Asker: 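Below: one structure in structure tokens.
The shown structure was predicted, so the numbers you read here are calculated from the model rather than taken from an experiment.
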4 protein chains.
Amino acid sequence: MSGSVNKVILIGNLGADPEVRSLPSGSPVVNLRIATSERWRDRNTGEQRERTEWHRVVIFNEGLAKVAQNYLRKGSKVYIEGQLQTRKWEKDGQDQYTTEIVLQGFNSTLTMLDGRGEGSGESGSYGNQGSYGGSRQVENRQRPSSAPAFEPGGMDDDIPF
Amino acid sequence: MSGSVNKVILIGNLGADPEVRSLPSGSPVVNLRIATSERWRDRNTGEQRERTEWHRVVIFNEGLAKVAQNYLRKGSKVYIEGQLQTRKWEKDGQDQYTTEIVLQGFNSTLTMLDGRGEGSGESGSYGNQGSYGGSRQVENRQRPSSAPAFEPGGMDDDIPF
Amino acid sequence: MSGSVNKVILIGNLGADPEVRSLPSGSPVVNLRIATSERWRDRNTGEQRERTEWHRVVIFNEGLAKVAQNYLRKGSKVYIEGQLQTRKWEKDGQDQYTTEIVLQGFNSTLTMLDGRGEGSGESGSYGNQGSYGGSRQVENRQRPSSAPAFEPGGMDDDIPF
Amino acid sequence: MSGSVNKVILIGNLGADPEVRSLPSGSPVVNLRIATSERWRDRNTGEQRERTEWHRVVIFNEGLAKVAQNYLRKGSKVYIEGQLQTRKWEKDGQDQYTTEIVLQGFNSTLTMLDGRGEGSGESGSYGNQGSYGGSRQVENRQRPSSAPAFEPGGMDDDIPF
DNA sequence: TTTT
DNA sequence: TTTT
């Protein structure tokens, strides 16, 4: 089927430092554990309630994997855009299924929302968020850099809006 | 943690008719199986490849549950907005985890993208999409119906844009 | 037409303190100016480039309007979900059009992404982000608070995933 | 500023055939007019109300521009993901501003939601939606085509979910 | 100017 | 007019 969309948008905090592996090809793959929480007041008891959801994020996109590896730490707050994938594996001869948010290729995004990588503390130096945004966009950007993005006029030249 | 977002957006087709259950409270709960697919050309072999992903959707929102029950069928194309939740259950004494897209409360959406409910054929009469969009929005809409949504002016009254 | 979606998602910073007005009904309306920026490296010159986009946000949703009024300040970073609306007005007898991101009713969201309301400094006490998330969700939440959200089982009871 | 997001998601119908122009560089640029509508029941009068919003979409992304040019017609239903940009122009010596949804570079999407290109009728042959999805993804896809996307295991090898 |  |  074409005409389908599979998109996940998360804003949350890392529950642990990123975990880095390598594909046989040498490409880095980064796994993140991200928590999102919601709070609400119970309608019956009136008390404050909270629910935390944990998400598995897998980054295949090389540029984003490097960003994650270099700038994210336990506690970092991130914005993520990826897609849902469920994979099957076995445990004691029994099928298991794991659903992950995959960042791969176009239409994947990772943006740091704190400039500090606050959290674990034992982090070392991993720069600021600016260097990442730039590097990622370099590889995907397509607008001709020398031409203006828009020219006056458009669909209705006389009454352009 | 506050300041988090957990959002899933899907456009896909139902792999089966909706499955309706009832909560102890009598509220309907609807389960959907939705397929999203992507196609691409293999970089090495040049051949066309396709991957289909199956998603579990659970609708707790009563208005949306009724829409799903009444208007969706196997093959229906839908737009869905919900959130990720993973629940734990047991099988043969072993923990299992299932991740679902939950439509519940505010910020959940379900929109039919075909006016026919094409697919199974044995569908019977389940109306058109218009009746749903209306009914759902009735219960959530908040703009005072008699007042204009906007008045001229705003942050910079003289140079409003 | 049914079957349509109109959604804007922004993460950016307020360029000024929120501007609060009141509808004839007494309901508060809050206007925000939000900046989003992107940086990239120019393909030809290799130099760093930046583009900032300014957005007009209008909050009709009462709960979110109060949050904005109480907790946001110039410089605050926010996540916003709303919809596009263009309104027409006149200036010197000439039609003008202004496009805004409207937060109104269901499917609107405003989330603070910094816990401090940093920015202007002369802010006074406007609490932490947690108090907002809760209050908003109170008015929209629908899951019965006493019942478990999920029961084991689902569409395929034996092979639940 | 880094750490910002500027995203628009639309599902709507074309109010007119796509309008194709060319940049000085020869790259095609396509303008679309897209309508989104919402219906609700007036709380006071109880009558059905409808509001249609018209959006200007500008496609700079070459692959998506070709898809739009070849497969979209007046009446076509599309899913669009782009970003907001407001540009300034002059009319009778007075500043005017136009806000558009721009599809450009990574993180832009255009998906046909009807397989027919229904609408104008005088369309000629513009294939099916499949050919587009493929071609677009070819140019952006990054997963190594020969390697499995996932290997069993992950962050917690023993308790993988 | 679309669509239902 | 924000932010880095």
Asker: Whole angstrom is fine here: how far is it from CZ in D/R41 over to C1' in E/dT4?
Answerer: 15 Å

Asker: In whole angstrom, what separates D/I11's CD1 from E/dT4's P?
Answerer: 15 Å

Asker: Measure from CG on C/L72 to P on F/dT1 and round the result to the nearest Å.
Answerer: 20 Å

Asker: Starting at CZ of C/R56 and ending at P of F/dT1, how long is that distance when rounded to a whole Å?
Answerer: 14 Å

Asker: Check the distance between E/dT1's P and D/K77's NZ and give it to me in whole angstrom.
Answerer: 20 Å

Asker: If the threshold is 4.0 Å, N to carboxylate O, is there a salt bridge linking D/D42 and D/R49?
Answerer: yes

Asker: In whole Å, I'd like the distance from the CZ atom of D/R51 to the P atom of E/dT2.
Answerer: 18 Å

Asker: Donor-acceptor pair under 3.5 Å: do we get one between D/T52's side chain and the base of E/dT2?
Answerer: yes

Asker: Send over the distance from C/R73 CZ to F/dT2 P, rounded to a whole Å.
Answerer: 16 Å

Asker: Between the base of F/dT2 and the side chain of C/T36, is one N or O donor paired with an acceptor at under 3.5 angstrom?
Answerer: no

Asker: Nearest to the side chain of D/S37, heavy atoms from C-beta on, is which of F/dT2, E/dT2, F/dT1?
Answerer: E/dT2

Asker: List the residues meeting salt bridge (charged side-chain N to carboxylate O under 4.0 Å, His left out) with B/E81, not counting sequence neighbours, and say none if there are none.
Answerer: B/K7, C/K7

Asker: Rounding to an integer number of Å, can you tell me how far D/E53 CD sits from E/dT4 P?
Answerer: 20 Å

Asker: Assess the residue pair C/T86 and D/W54 against the criterion (side chain to side chain donor-acceptor pair (under 3.5 Å)); give the C-alpha distance rounded to whole Å, side-chain angles, the decisive distance to 0.1 Å, and a yes or no.
Answerer: CA-CA 8 Å; C/T86 298; D/W54 285 97; over 6 Å; no

Asker: When you get a sec, tell me which of F/dT2, E/dT1, E/dT2 is the closest nucleotide to the side chain of D/R33?
Answerer: E/dT1

Asker: Measuring from C/Q83:CD to D/L10:CG, what's the distance to the nearest 0.5 Å?
Answerer: 10.5 Å

